[in-house]
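Notes for the one structure printed next.
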There are 2 protein chains.
Amino acid sequence: MRTGKGVEWAMHTLLNLAWLGGGEPVPTAQLAAGHDLSPSYLNKQLQQLVKAGLLESVPGARGGFRLARPLEAVSLLDVVVAVEGDEPLFTCAEIRRCGTIGERCPNAAFTRPCAVRTAMGRAETAWRKALAEQSLADVQASSDAHSADMATRVRQAFGVD
Amino acid sequence: MRTGKGVEWAMHTLLNLAWLGGGEPVPTAQLAAGHDLSPSYLNKQLQQLVKAGLLESVPGARGGFRLARPLEAVSLLDVVVAVEGDEPLFTCAEIRRCGTIGERCPNAAFTRPCAVRTAMGRAETAWRKALAEQSLADVQASSDAHSADMATRVRQAFGVD
DNA sequence: GAAGAATTACTCGGATACTGCGTGTCCGAGTGTAACGGG
DNA sequence: CCCGTTACACTCGGACACGCAGTATCCGAGTAATTCTTC
């Protein structure tokens, strides 16, 4: 069980767009070249971000993607949900109701949610909460704290200025 | 991204062994019938629990599996790690070092860990902590609070007494 | 020289293959049990 | 009646297929910029 690489790709791409600044759209090919990613597959992930409202897409020549809102308003959870979907980590199949044990239990025993599901849900809530509490702007600030010239490097790499 | 169903199977199987009580080993076929699971596949999961030290296996006729230690000493994290492995949820491929952007960064910028990785790691730590803080005995108690006769039902379903 | 239309080049978007892991199944090695025969 | 031996039945354990989601790719629809023609 692990998150797809699309999550990492999306995070870095959003950060690069923020460092680049300005409202100019950037095409997929350029974003992919920034970290040597597959352009076609990155495009697929960015489309998910558009559907989730994190990016805006501009079609046609000189088109591309740009941030739909500042990174302060984008949490890590937003990115994960946009790319991976909002399905829970732990899926309860209610196996407690089946088999020789489940059949011996009165229906009243199933009115309350499965204890295993509840316990696993607590952990998942903690995970989601921690993701929701961190914005991509926080991550950007943390990165800038160690190497302050990222904005300049990104602009140079993208041939802006 | 979701946990395999082996986790749910393992949790309920451990709980059933606890409700059953006594040190007698229970064969896979009986445990699987308890919740109408695939015996062969359940066996595969139980072998993982043996490797992790949560279960003991008894070979030969009248053999099977029994708890290696009381559920008070088994956390949800132990079960998840035993079944799914201890690999992290978010795998950082260090894409920041590649491509037109990564190549413009001095090596000194990479001495500090990736900010994205760090942020995602915080959330994962919260998840693992929440899992580690809950024991299977807690889950058992929570279940007993709603329907107190589980031990009796499990013993009857397994034909003990 | 300016305006407008046709052309061109570029980009997104979704439809289409491929791969790896989770899922599911099967058979053999090993062991305790039970039956059997001999003392 | 008791004990040793033999055969058996049962169980775990790992090796072997299958299917689906994640991964990766390609081509068409649509749009803005550009160019060319005309006034």
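Convention: sequence-line order gives letters A, B, ...; per-chain numbering from 1.
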- State whether the number of non-hydrogen atoms from other residues, nucleotides or ligands found under 6.0 Å of B:Glu94 atom CD is greater than 12. yes
- Could you state the atom-to-atom distance from CG of A:Asn43 to C1' of D:dC27 in whole Å? 13 Å
- Task: For the pair B:Asp78 (side chain) and B:Ser75 (backbone), establish whether a donor and an acceptor sit closer than 3.5 Å, ignoring hydrogens and angles.
- Result: yes
- Using chain A heavy atoms and a threshold of under 4.0 Å, write down where along DNA chain C the contacts begin and end, 5' to 3'. C:dC10 to C:dG22
- Task: Rounded off to whole Å, could you give me the NZ-to-C1' distance for the A:Lys5 and D:dA24 pair?
- Result: 10 Å
- Can you tell me how far C1' of D:dC27 sits from OH of A:Tyr41, to the nearest Å? 19 Å
- Check B:Leu67, B:Val74, B:Leu55 against B:Leu49 for a side-chain contact (heavy atoms from CB on, under 4.5 Å) and give me the one that passes. B:Leu55
- Item | First encountered from the 5' end of DNA chain C, between A:Lys44 and A:Gly64 | A:Gly64
- Message: Are there over 12 heavy-atom neighbours, none belonging to B:Arg69, within less than 6.0 Å of that residue's CZ?
- Response: yes
- Query: 5'-most contact on DNA chain D: A:Glu84 or B:Leu46, nearest heavy atom basis?
  - Reply: B:Leu46
- Tell me, yes or no, whether the heavy-atom count around B:Arg117 atom CZ, taken from other residues, nucleotides or ligands under 6.0 Å, exceeds 12. no
- Message: Quick check: do B:Lys129 and B:Leu77 have side-chain heavy atoms less than 4.5 Å from each other?
- Response: no
- Closest to the A:Arg62 side chain: D:dA33, D:dG13, D:dA24? D:dA33
- Query: Quick one: does B:Ser142's side chain have a donor or acceptor within less than 3.5 Å of a partner on B:Asp138's backbone?
  - Reply: no
- Task: For A:Gln45 and D:dT25, give me the distance from atom CD to atom C1', rounded to whole Å.
- Result: 13 Å
- Whole-Å distance between D:dG22 P and A:Glu8 CD? 17 Å
- Checking all strands, does A:Gly60 fall into the base, sugar-phosphate, or nothing category for heavy-atom contacts under 4.0 angstrom? base
- A:Met1 atom CE is separated from D:dG22 atom P, nearest whole Å, by 14 Å
- How would you label the contact of A:Ser40 with the nucleic acid (heavy atoms, under 4.0 Å): base, sugar-phosphate, or nothing? base
